[in-house]
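In listed order, ligands and their atoms are each counted from 1.
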Amino acid sequence: MAKMNRAGRHFLQIPGPTNVPDRVLRAIDRPTMDHRGPDFGELGAEVLANLQRIFQIVGPVVIYPASGTGAWEAALTNTLSPGDQVLMCRTGWFATLWKDMAERLGLAPVFVDTDWRRGADVDGLRAALEADTQHKIKAVCVVHNETSTGCVSRVDDVRAAMDATKHPALLMVDTISSLASMDYRHDEWGVDVTVAGSQKGLMLPPGLSFNAISAKALKAADTARLPRSYWDWRPMLEANKTGYFPYTPGTNLLYGLNEAVKMLLEEGLENVFARHDRHAEATRRAVRAWGLEVQCADPRHYSSSLTAVRLPDGHSADGLRAEILEKYNMSLGNGLGILKDRVFRIGHLGDFGDLQLIGTLGGIEMGLRVAGVPHKSGGTQAAIDYLAGNT
Ligand SMILES: *Cc1c(COP(=O)(O)O)cnc(C)c1O
């Protein structure tokens with residue numbers, strides 16, 4: 001069936017993949033380079049060095065031609081052995097998927113639960129670490145920004161809990177939907193492996209993912225016994241020394257990555273984070289003015305890259321999203337797992353400015369009206385008032 005043309009620009013306001021800025025599109029739009037030729041090493045070396053500033057790490061970052069899920073697998077297989085216990089926190093859908101992967105790989109995940117309305121339960125993690133006097137737990141895995149709920153886990157608090165119990169486990173953090181949108185400090189927070197992806201805060205198309213690696217994690221890689229081949233850090237780090245890769249990298253995406261990182265550093269990471277914080281606050285004000293509820297119930301855990309909005313009982317979030325796509329040409333994120341059809345998610349991360357936010361909120365407000373979802377008008381106005389009063 002032929003698709004009807006829709007005038008105007010599509011609004012892609014899911015919490016990833018995000019909109020790719022024109023500068024990045026232009027950078028990708030080049031003839032593919034010989035990845036073993038003399039020019040490639042320069043690009044590789046430059047992008048690998050600049051990336052360290054984004055992760056706030058002095059040590060190495062490796063880049064896989066893979067989605068974020070691949071980088072999850074790389075983090076686990078490079079550092080752990082069959083049967084190892086890993087302590088994870090069920091903050092939402094993505095944390096659950098990572099745990100399922102750990103099980104499939106032959107690890108023994110131990111799950112600390114939440115109600116999907118806040119970040120990781122740090123007291124629960126601390127209790128599990130305290131009880132583990134024989135240090136059977138080899139890694140603590142936390143999703144920094146749980147994209148299914150819009151709740152952030154406090155990595156600094158998790159680190160403090162590990163330090164307080166003097167537990168030697170590795171700390172692994174999924175920053176796929178927070179890196180380059182929210183404050184994140186690999187070294188300062190004592191993280192051992194940071195997992196990230198290209199298609200969210202980094203403003204690139206899907207297809208690249210990352211591991212930032214501490215010295216302790218590198219040491220663990222020497223004795224880890226889970227099978228690994230494609231994901232093995234060692235040949236990657238060896239080739240990266242000269243800016244090259246052991247197998248074909250995502251060449252054109254690397255041009256884009258180089259440009260995206262330059263854009264982030266030009267804006268300044270502090271300013272990038274402040275921009276996201278401001279848009280998230282404006283969005284929450286809109287939601288409250290509509291009389292609707294934000295999924296995240298703890299203000300300390302509010303996400304700055306997305307907001308999940310709960311629908312009143314008896315109303316379908318997927319129905320609302322379908323109406324908004326059909327009438328206003330905007331895609332919003334769906335509810336995942338236990339939140340299916342219960343919430344919709346507004347992505348406000350990446351290459352995103354005030355007017356896009358107001359357009360997004362305006363589309364939602366019109367959608368609420370046409371879909372017959374009970375609400376008060378004036379949410380978009382509340383966001384305008386906030387943005388105009390906080391420039
Ligand atoms: C998007 C996302 C993933 C999955 O990444 P893919 O690129 O789809 O494999 C994992 N974790 C979080 C927190 C995410 O937001």
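Both the sub-6.0 Å distance and the 45° axial angle are not jointly satisfied by Arg321 relative to the ring of Phe344.
If you look at Glu146 next to ligand 1, there are no close heavy atoms at all, none under 4.0 Å. Contacts between Trp98 and ligand 1 below 4.0 angstrom, taking non-hydrogen atoms only, are absent altogether. Both the backbone and the side chain of Thr69 come within 4.0 Å of ligand 1, counting heavy atoms alone.
Within 6.0 Å of CH2 in Trp290 there are more than 12 heavy atoms belonging to other residues, nucleotides or ligands.
Look at Asp354 and Arg278 and you find a salt bridge, because one of the NZ, NE, NH1 or NH2 atoms lies within 4.0 Å of a carboxylate O, short of that distance. Salt-bridge formation is not detected for the pair Arg154/Asp298: no Lys NZ or Arg NE/NH1/NH2 atom is positioned less than 4.0 Å from an Asp or Glu carboxylate oxygen. Ion pairing between Arg117 and Asp115 fails under the 4.0 Å rule for side-chain N and carboxylate O.
Partner of Lys138 under the side chain to side chain contact (heavy atoms under 4.5 Å, CB included) criterion, out of Thr79, Leu87, Leu80: Leu80 alone.
Less than 4.0 angstrom separates some heavy atom of Ser67 from each of these atoms of ligand 1: 6 (P), 7 (O), 9 (O). Those atoms of ligand 1 that come under 4.0 Å of a heavy atom in Thr147, given as number and element, are 12 (C), 13 (C), 14 (C), 15 (O). The ligand atoms of ligand 1 that sit less than 4.0 angstrom from a heavy atom of Asn145 are 13 (C). Residue Lys200 approaches ligand 1 through these ligand atoms, each under 4.0 Å from one of its heavy atoms: 1 (C), 2 (C), 3 (C), 14 (C), 15 (O). Each of the following atoms of ligand 1 lies closer than 4.0 Å to a heavy atom of Val143: 13 (C).
Among all protein heavy atoms, the one lying closest to atom 4 (C) of ligand 1 is Phe94 CE2, 4.0 Å.
Between Trp72 and ligand 1, no N or O atom pair is found at a separation short of 3.5 Å. In terms of polar-atom proximity, defined here as any N/O pair under 3.5 Å, Gly68 does make such a contact with ligand 1.
With Asp121 contributing its side chain and Thr114 its backbone, the two residues share no donor-acceptor pair below 3.5 Å.
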